[in-house]
Amino acid sequence: MPMNTRRLLRGIGIVCALGLGATACGGSADGGSNSKRVSAQDIRAALKKGGTITVWAWEPTLKQVAADFQKEHPAVKVELVNAGTNKDQYTALQNAIAAKKGVPDVAQIEYYALGQYALTKGLTNLAPYGAGKLATAYSPGPWNAVKTGEEIYGLPMDSGPMALFYNKKVFDKHKVKVPATWDEYVEAARDLHKADPEVYITSDTGDAGATTSLLWQAGSRPYEVDGTKVRINLADEGATTYTDTWQQLLDEKLLAPVNPWTDEWYKGMGDGTIATLAVGAWMPANLASGVKSAAGDWRVAPLPQWTAGDKASAENGGSSLALPELGENEELAYAFTEYANAGKGVQTRLKGGAFPATTADLQSDAFQNTAFPYFGGQKANKIFAESAANVADDWSYLPYQVYANSVFNDTAGKAYVSDTPLSEGLKAWQDASAKYGTEQGFTVEK
Amino acid sequence: MSSPATTAFRPTPRPAGDPPPSAPRLCTPRRHTAGRRPRRSVLLTVLTGLVLLYALVPLLWLAVSATKTQEGLAGSSGLWFGGDFALWDNISTTFTYNDGVFTRWLLNTLLYVGLGAGGATFLAVLGGYALAKFDFPGKRAVFAVVIGAVAVPGTALAVPTFLMFSGMGLTDTPWAVVIPSLISPFGLYLMWVFATEAIPTELMEAARIDGAGEVRTFFQVGLPLLAPGIVTVLLFTMVATWNNYFLPLIMLKDPDWFPLTLGLNSWNAQAATAGGEAVFNLVITGSLITVLPLIAAFLLLQKYWQSGLAAGSVKE
């Protein structure tokens with residue numbers, strides 16, 4: 001691409017970004033940065049010509065994928081850089097974009113953060129590269145998370161359909177039934193804690209990601225986004241269902257005050273004082289490496305339901321690979337992204353313990369029949385795959401969810417440390433999110 | 001400002017019969033005043049003991065925890081040894097994990113400390129000496145800038161520094177860490193105050209009368225007298241550079257250039273990512289290895305730092 005055209009396109013991208021006008025600039029096939037179709041031939045030519053691409057990602061299995069990719073395309077060099085994990089990397093990415101220097105060609109971005117970059121910071125739309133044809137390859141939750149209208153801002157790398165991980169040894173010891181509904185979950189929390197005051201059903205100190213996932217499952221749709229128009233409602237019916245139940249756990253002090261991902265947390269899961277975890281299907285690898293001592297104690301069950309007999313599920317975590325607009329070598333970057341997330345790289349990553357977002361892999365016999373020695377030989381993937389199929393695809397995050405999540409503990413978090421009811425906490429979170437949105441130029445309705 | 005150095009170089013007439021300057025000076029006053037004050041105060045002893053505990057318990061925890069495996073860490077109390085003694089295993093794994101990247105981080109840290117802290121000390125000594133012993137126009141302005149710079153925390157300047165270095169194309173290179181580390185306003189101020197006290201102007205005049213040039217006066221007369229101050233500043237800048245986290249965090253993306261602080265944090269962060277391996281035992285062992293050189297530096301340098309000063313050796 002000649003330098004001037006490139007600069008012009010970039011300029012248009014920036015203007016779009018500044019105006020937050022995804023609807024104004026995007027969509028039309030003949031204007032803006034969407035005009036250029038990139039054929040498979042272009043990509044093959046670029047791979048032959050070679051070059052270097054920088055990939056910012058913390059996902060450990062990508063290391064092997066990058067090595068394999070370079071073996072297959074000797075002219076291409078993939079520089080895999082761990083620029084920090086989630087928020088750290090987003091800060092670094094924002095800095096690089098602000099400085100217009102050192103922007104990676106490919107970046108790992110979690111689904112909840114993708115909207116922020118797609119709308120305001122400029123990610124390359126992958127639709128002209130033919131990413132649209134991959135729509136049927138992915139399960140609906142992750143695919144819905146990477147696209148806005150016709151535009152595709154990344155390829156899903158993994159997914160996190162939720163399930164209930166529980167310490168069977170603890171449940172057996174105290175003869176408590178594994179809960180199938182959230183009401184039973186509260187019961188189980190009481191029973192376990194009564195049987196042994198050291199034991200808590202789970203740990204929760206206020207986690208935005210976990211809360212939004214449970215709201216998602218409960219049928220709440222707090223965020224509606226239409227271009228620059230945003231509606232936030234954290235008090236709809238689904239949200240009330242969630243707060244009513246969770247409030248009981250808070251009131252009766254049935255949640256362990258342990259911050260997630262700390263050594264104390266891992267310890268609690270090892271010694272049985274944290275009895276369950278409702279998280280994404282990527283958790284087995286973390287349990288296997290972080291809680292070795294409890295191997296064989298843990299099992300997986302379907303996520304408890306808000307209404308008995310339902311099969312609703314939600315996504316928790318998961319990330320995509322996206323191409324920042326200021327990155328270079330788009331063709332190579334796309335080729336790598338497709339290789340890692342939809343091509344041969346997927347198998348490599350599955351072997352490394354990642355959880356797929358591709359339906360073919362989710363439904364394959366090999367995947368479904370994998371026995372987890374950690375879970376006493378349980379074929380846990382069957383539960384995960386079923387959960388993935390039951391994720392509602394009409395969920396959306398705020399276009400500035402990274403910020404919103406960062407103020408969760410200052411607002412909703414109060415419910416965890418004081419007498420503030422959770423519903424009021426969520427209201428405060430809603431207000432803070434709305435205020436920030438207005439300041440950023442969004443039209444926020446409540 | 002309550003650095004040890006500022007109290008150490010206050011000129012004190014030394015009574016006859018005092019031990020030679022190299023002996024720990026803190027012992028002498030007690031011996032002399034023992035008759036006048038009660039020998040021991042229970043309250044003080046208890047308070048000091050508490051402070052000592054407060055300072056040592058984390059270190060003890062670190063040392064004890066470094067002997068445990070990942071499972072052992074979860075299964076045993078933090079302040080005493082578990083069943084397994086995995087210290088040697090942990091150390092060797094720390095150095096081999098991720099293709100031995102820990103060694104690389106250690107060398108990087110040494111590089112940053114060597115160039116950054118060494119350079120910062122050198123510049124502070126030159127600047128402090130000049131400000132203390134020469135008069136020139138604008139000296140008051142320099143004073144204001146230095147005092148102002150002491151007050152601005154480095155963290156506040158980090159993002160502007162990042163943008164500037166990014167503009168120069170220096171981010172993600174070791175220079176982005178070394179160059180900002182060269183500036184130590186506090187070190188400069190300390191050397192300035194120290195040089196004012198420690199180098200008698202008469203001595204410099206004597207050297208000049210004997211025919212020494214400014215450079216020679218500085219190196220042969222000034223520098224030896226400044227030694228305790230230099231060691232103090234060196235210790236400060238070393239600790240600051242060794243522990244520096246935020247500056248490398250925003251400047252560096254390539255793990256090959258990480259200092260130990262960032263590297264260990266990246267290992268720690270692994271435990272918090274989907275599919276990441278929790279390696280708390282390696283993070284702990286790595287942290288222990290990381291604090292050892294600093295402890296060694298303090299022990300080795302403290303005798304220079306505490307040793308007798310020439311300040312007051314000439315009657316003014």
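Within every chain, numbering begins at 1; the chains are lettered A, B, ... in the order of the sequence lines, protein sequences first and strands thereafter.
- Taking both residues in full, the closest heavy atoms of B:Ala271 and A:Asn286 are given as O-ND2, 3.7 Å, listed atom of the first, atom of the second, then distance.
- With a threshold of 4.5 angstrom between heavy atoms, B:Thr171 does not approach chain A through any atom at all.
- The structure places OG1 of A:Thr91 at 8.0 Å from CG of B:Leu249, a figure rounded to the nearest 0.5 Å.
- Atoms NZ and CG, from A:Lys100 and B:Leu163 in turn, are 10.5 Å apart once rounded to the nearest 0.5 Å.
- Note that CH2 of A:Trp261 is 12.5 Å distant from CG of B:Asn268, once rounded to the nearest 0.5 Å.
- Within 6.0 Å of atom CD in A:Gln70, more than 12 heavy atoms from other residues, nucleotides or ligands are found, so the atom counts as buried in its surroundings.
- B:Ile250 contributes atom CD1, which lies 12.0 Å from atom CG of A:Asp88 (distance to the nearest 0.5 angstrom).
- Nearest heavy atom pair, residue B:Lys253 against residue A:Ala92, reads CE-CB, 3.0 Å.
- Heavy atoms closer than 4.5 Å to chain B are found nowhere in A:Trp265, neither backbone nor side chain.
- A:Glu79 does not touch chain B: none of its heavy atoms, backbone or side chain, sits under 4.5 Å away.
- Considering every non-hydrogen atom in both A:Gly290 and B:Ala278, the closest pair reads CA-CB, 3.6 Å.
- With rounding to the nearest 0.5 Å, the separation of CZ in B:Phe280 from OG1 in A:Thr262 is 7.0 Å.
- In this structure, B:Asn265 CG and A:Thr85 OG1 are separated by 8.0 Å, a value rounded to the nearest 0.5 Å.
- In terms of heavy-atom pairs under 4.5 angstrom with chain B, the leader among A:Ala288, A:Ala285, A:Ser289, A:Gly317 is A:Ser289.
- Applying the 6.0 Å contact sphere to CZ of B:Phe95 captures more than 12 heavy atoms from other residues, nucleotides or ligands.
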